[in-house]
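Read through the structure below, which is laid out as structure tokens, and then see the notes.
Letters A, B, ... mirror the listed sequences (proteins, then strands); counts begin at 1. Keep in mind that this is a model prediction, so the values were computed, not measured.
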Protein chains: 2
Amino acid sequence: MTTERLQGAIDTLKNTKVRMTPQRHAILEYLFESMTHPTADEIYKALEGQFPNMSVATVYNNLRVFKDVGIVKELTYGDASSRFDCVTTEHYHVICNECGKIVDFEYPGIDEVESLAAHVTGFEVETHRMEIYGKCQPCAEQTTKH
Amino acid sequence: MTTERLQGAIDTLKNTKVRMTPQRHAILEYLFESMTHPTADEIYKALEGQFPNMSVATVYNNLRVFKDVGIVKELTYGDASSRFDCVTTEHYHVICNECGKIVDFEYPGIDEVESLAAHVTGFEVETHRMEIYGKCQPCAEQTTKH
DNA sequence: TTCTTACTTTATAACCTTTATAAAATAGTG
DNA sequence: CACTATTTTATAAAGGTTATAAAGTAAGAA
């Protein structure tokens, strides 16, 4: 399942003349296996054992390459580090304000917002972004008991 | 109109025991008069004439104070600088990918997303964020002609 | 009005994420 | 196997934001 999608990503790269390197393979593998939307630094730290000499720049460079090719999405949150999400189906994120956990969430109904916004503002609308913030169940429980 | 809202903000601060300083007053005034959702640096530069010795830290500190009190909202966009929006009614933003222009946009219909997300994920949902990205009319025209 | 004190401002340095640079290494083609 | 354009590495630097400590000041009390 994840290996299939990983293979698909590797094929996509091959088709766009992006060279496969051990570092790239490892970063991809980590992205597709982890369900946690990791930050660049988390990826870097996770692969330290495998690639003691890998540079942070390599992680950032490759994440950008993956993003340009369209197999990875960057999730930006102000000051904090970006998180990276290997693209599958369209989905939104529900984010815990306490622990930062990110949960995927499907909701197909919002696309009409784009056409309305285009109509009202005159923009050529391309995309939208939506996130939902709150407290995940474990964090909510911890707050309740004192 | 804007002066009324400004006065309201000042009153809010007084009620929360936040001291009024000339710098604070000027930052607030600038925020309420400008319709551009300025960055901290833009505010800093705009007030340079009035306060030649003001420190950037003052701008950041006060924006945080205003945010905590609830009279200002921070809009975060990854690497780029945060923008600050004096809170009025609930609204969304339509953002130009070319020139960065931000246009306000009302759309009351999305609140049901929150309850659905709460139901599906078990989160205690608090807020959501949505933005629409595209090309504003002037930028779209510039791209078309060559 | 003046005093007092806690809150603010200033100036500066530091932090953190991300990007630029140039030299060394290497993937993939012929 | 050799060639070359692409990657990696190591390092420095950029850019936004925050921490710190000393100096200044708002606002209530006397």
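Atom CD of Glu112(A) has more than 12 neighbouring heavy atoms from other residues, nucleotides or ligands inside a 6.0 Å radius.
A centroid separation of less than 6.0 Å is found between the aromatic rings of His128(B) and Tyr92(B).
Heavy-atom distances under 4.0 Å link DNA chain D to Ala57(A), Thr58(A), Asn62(A) of residues 56-74 of chain A, given in residue order. Residues from residues 37-51 of chain A with heavy atoms under 4.0 angstrom of DNA chain C: there are none.
Mapping Ser55(B) and Pro22(A) onto DNA chain D via the closest heavy atom, the residue that lands nearer the 5' end is Pro22(A). Both Val18(A) and Ala80(B) lie close to DNA chain D; mapped to their nearest nucleotides by heavy-atom distance, the more 5′-ward contact belongs to Val18(A).
Spacing between atom CZ of Arg24(B) and atom C1' of dT25(D) amounts to 12 Å, rounded to whole angstrom units. If you take CG of Asn53(B) and P of dA23(D), they are 16 Å apart, rounded to a whole angstrom. Rounded to whole Å, atom C1' of dT9(D) lies 9 Å from atom CD of Gln23(A).
With respect to the salt-bridge test (charged N to carboxylate O, under 4.0 angstrom), the residues Glu29(B) and Arg24(B) do not qualify. Between Glu141(B) and Lys135(B) no salt bridge is recorded (no basic side-chain N to carboxylate O distance below 4.0 Å).
An OP1 or OP2 oxygen of dT25(D) is reached within less than 4.0 angstrom by no side-chain nitrogen or oxygen of Thr21(B).
Checking Tyr133(A) against Glu131(A) by side-chain atom types alone, a donor-acceptor pair falls below 3.5 Å. Side-chain contact, Glu74(B) with Ser82(B): a donor N or O sits under 3.5 Å from an acceptor N or O.
To the nearest 0.5 Å, atoms OG1 (Thr121(A)) and NE2 (His93(B)) are separated by 12.5 Å. The SG atom of Cys96(A) sits 10.5 Å away from atom CD1 of Ile102(A), with the distance rounded to the nearest 0.5 Å. A distance of 12.5 Å separates OG1 in Thr36(B) from NZ in Lys101(B), rounded to the nearest 0.5 Å.
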### Task
Let me see the working for Gln23(B) and Asn62(B) under side-chain hydrogen bond (donor to acceptor under 3.5 Å, both in side chains), right down to the final yes or no.
CA-CA 9 Å; Gln23(B) 293 89 337; Asn62(B) 287 326; over 6 Å; no
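Side chains of Phe105(A) and Val113(B) form a contact here, defined as non-hydrogen atoms less than 4.5 Å apart.
When DNA chain C is scanned 5' to 3' for any atom under 4.0 Å from a heavy atom of chain B, the first and last hits are dA6(C) to dT19(C).
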